Novice: 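Please see the structure below; I have some questions.
Both ligands and their constituent atoms are indexed starting at 1 by order of listing. This is a predicted model, so every value here is computed, not measured.
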Amino acid sequence: MKRVWGSVCVVLCLALVTAACGTSGSAGEAIVIKAGIGLNEDHPQGQALNRFKEIVEEKSGGRIQVRPYFSAQLGDDLKMTEALQAGVQEVTIPSTSPLVGIVPEFGIFDLPFVFDEEEEADAVLDGPLGQKILDKLPEHGLVGLTYWENGYRNLTNSRRPVKRAEDFRGLKIRTMQTDVHLDAFKALGSNPTPMPFSEVFTALESGTVDGQENPLATIVSNKFYEVQEYLSLTEHVYTPFVFLVSKSFWDRLSPEDQQLIREAAIEAGKYERELNRKANAEALEELKKQGIKINEVSPEEREKMKQIIQPVIEKYRKKLGEDLVKELFEEVEKARNR
Ligand code: KDG
């Protein structure tokens, strides 16, 4: 019996020491944040992660250190998200799309043609609806601090120019791992293949898939133009990033350190949105220089795509929740009429 009480005391003392010193486990030792992303360091997201590091280390006087890892060095989005849930990594910033297996409601941001302007997306994501969905993360061992910007997605492929809705037919297109995109591209007559972002370049290079869709800054940063012949300016969906923190790490932080990290994520996120919009605006010039053939999509053809995809929107209105999808479109309307 004595031995049992002895080990209980040891555990209790350890818990008290950890609680007193925060997550480091011993007084004064630095708190280390391992932060992994799938995109490259030169991508706006990579530059903003470095900005997050600067802010946190400056504001904490070096007591909290951020170790950034780029280009999926720590694994793809889902592997890094699982690492946060297991408490072996502290931060990752994936697109919301691959998270639908954890929080299905993120799927509302996969619905095509929802946001006409980035500013509408900012208002909805930073408003009550965006927060309502972040609030569903803690029960899964994750804390969502804020949204960053991945941006409007455009199609690239190696087979043919895509200018009209019917041009999608028969194309093997890699999509993110979200059923909304699978159903949308099937409705357009293509053959979608979901896969992690870290596998896309090789799949394009080997011809496993004909094409993929991503914002222009990503197409440049990951040099997809080296293995793709055509770019179509479809801007068919706006994808957010979500700044995720491991809940087991977060809960061990003092309220002051939680506030410091939250404010740094929000400040770096504002910087990331600015950089991303600038990078997307400049990307077209770079892509022209790299020789990819660029196809505009007329408003009439975009309208045709919207009509073809409408049954998918209806299907997910039911699947994701009528009230949630109604709230999304109400929030968009509000932002549009500001
Ligand atoms: O880590 C990069 C991913 O977040 C990724 O989502 C980028 O848009 C992307 C994609 O196509 O997977």
Side-chain angles (χ1 to χ4, degrees), residues 34-50 52 68-84 89 91-103 106-107 109-112 115 118 121 125 142 144 146-157 172-182 184-185 190 192-204 208-225 227-228 231 234-244 269 272-273 275-276 279-280 283:
K34 211 162 59 229
I37 60 172
L39 290 168
N40 301 331
E41 185 169 8
D42 71 347
H43 187 281
Q45 191 191 45
Q47 294 178 58
L49 180 55
N50 282 332
F52 171 75
Y69 294 85
F70 308 96
S71 313
Q73 288 172 291
L74 300 182
D76 62 49
D77 291 324
L78 285 177
K79 284 203 182 64
M80 288 194 279
T81 302
E82 286 156 13
L84 265 60
Q89 181 179 330
V91 162
T92 192
I93 317 169
S95 293
T96 50
S97 308
L99 301 178
V100 293
I102 300 170
V103 176
F106 273 130
F109 301 128
D110 291 330
L111 295 173
F115 299 117
E118 286 112 345
L125 291 164
L142 301 165
T146 187
Y147 294 94
W148 288 12
E149 177 172 275
N150 192 350
Y152 284 108
R153 308 180 74 85
N154 296 286
L155 176 80
T156 64
N157 86 91
K172 290 181 291 181
I173 297 174
R174 174 271 174 179
T175 69
M176 292 191 284
Q177 297 128 300
T178 171
D179 288 347
V180 177
H181 287 190
L182 285 176
F185 281 103
S190 56
T193 306
M195 76 175 67
F197 181 71
S198 47
E199 298 170 14
V200 175
F201 189 93
T202 309
L204 293 170
T208 308
V209 291
D210 300 319
Q212 66 82 46
E213 39 87 59
N214 249 292
L216 298 179
T218 302
I219 296 168
V220 169
S221 173
N222 282 75
K223 297 186 169 39
F224 288 154
Y225 50 80
V227 289
Q228 297 279 260
L231 164 66
T234 50
E235 296 198 330
H236 51 277
V237 68
Y238 174 99
T239 305
F241 288 130
V242 56
F243 194 108
L244 295 177
E272 194 268 346
R273 283 173 174 170
L275 273 191
N276 203 50
N280 280 322

Novice: Do the non-hydrogen side-chain atoms of Glu213 and Phe185 ever get within less than 4.5 Å of each other?
Specialist: yes
Novice: Extract all N/O-N/O pairs under 3.5 Å that connect ligand 1 to the protein, and present each with both atom names and the distance rounded to 0.1 Å.
Specialist:
| unit_1 | atom_1 | unit_2 | atom_2 | d |
| --- | --- | --- | --- | --- |
| ligand 1 | 1 (O) | Gly38 | N | 3.1 |
| ligand 1 | 1 (O) | Asp77 | OD1 | 2.8 |
| ligand 1 | 4 (O) | Asp77 | OD2 | 3.2 |
| ligand 1 | 4 (O) | Ser95 | N | 3.1 |
| ligand 1 | 4 (O) | Ser95 | OG | 3.4 |
| ligand 1 | 6 (O) | Ser95 | OG | 2.6 |
| ligand 1 | 8 (O) | Asn150 | ND2 | 2.8 |
| ligand 1 | 8 (O) | Arg153 | NH1 | 3.0 |
| ligand 1 | 8 (O) | Arg153 | NH2 | 3.3 |
| ligand 1 | 8 (O) | Asn214 | OD1 | 3.0 |
| ligand 1 | 11 (O) | Arg153 | NH2 | 2.8 |
| ligand 1 | 11 (O) | Arg174 | NH1 | 2.7 |
| ligand 1 | 11 (O) | Asn214 | OD1 | 3.4 |
| ligand 1 | 11 (O) | Asn214 | ND2 | 2.9 |
| ligand 1 | 12 (O) | Arg174 | NH2 | 2.9 |

Novice: Grab the two heavy atoms, one from Thr208 and one from Lys172, that are nearest each other, plus how far apart they are.
Specialist: O-NZ, 3.7 Å
Novice: What pairs with Thr81 under side-chain hydrogen bond (donor to acceptor under 3.5 Å, both in side chains), at least two apart in sequence or on another chain?
Specialist: none
Novice: Nearest 0.5 angstrom please: Asn280 CG to Leu275 CG, how far?
Specialist: 11.0 Å
Novice: Give the minimum heavy-atom separation between Ile93 and Phe241, together with the two atoms involved.
Specialist: O-CD2, 3.6 Å
Novice: Among Asn150, Asp110, Thr178, exactly one meets side chain to side chain donor-acceptor pair (under 3.5 Å) together with Ser97. Which residue is that?
Specialist: Asp110
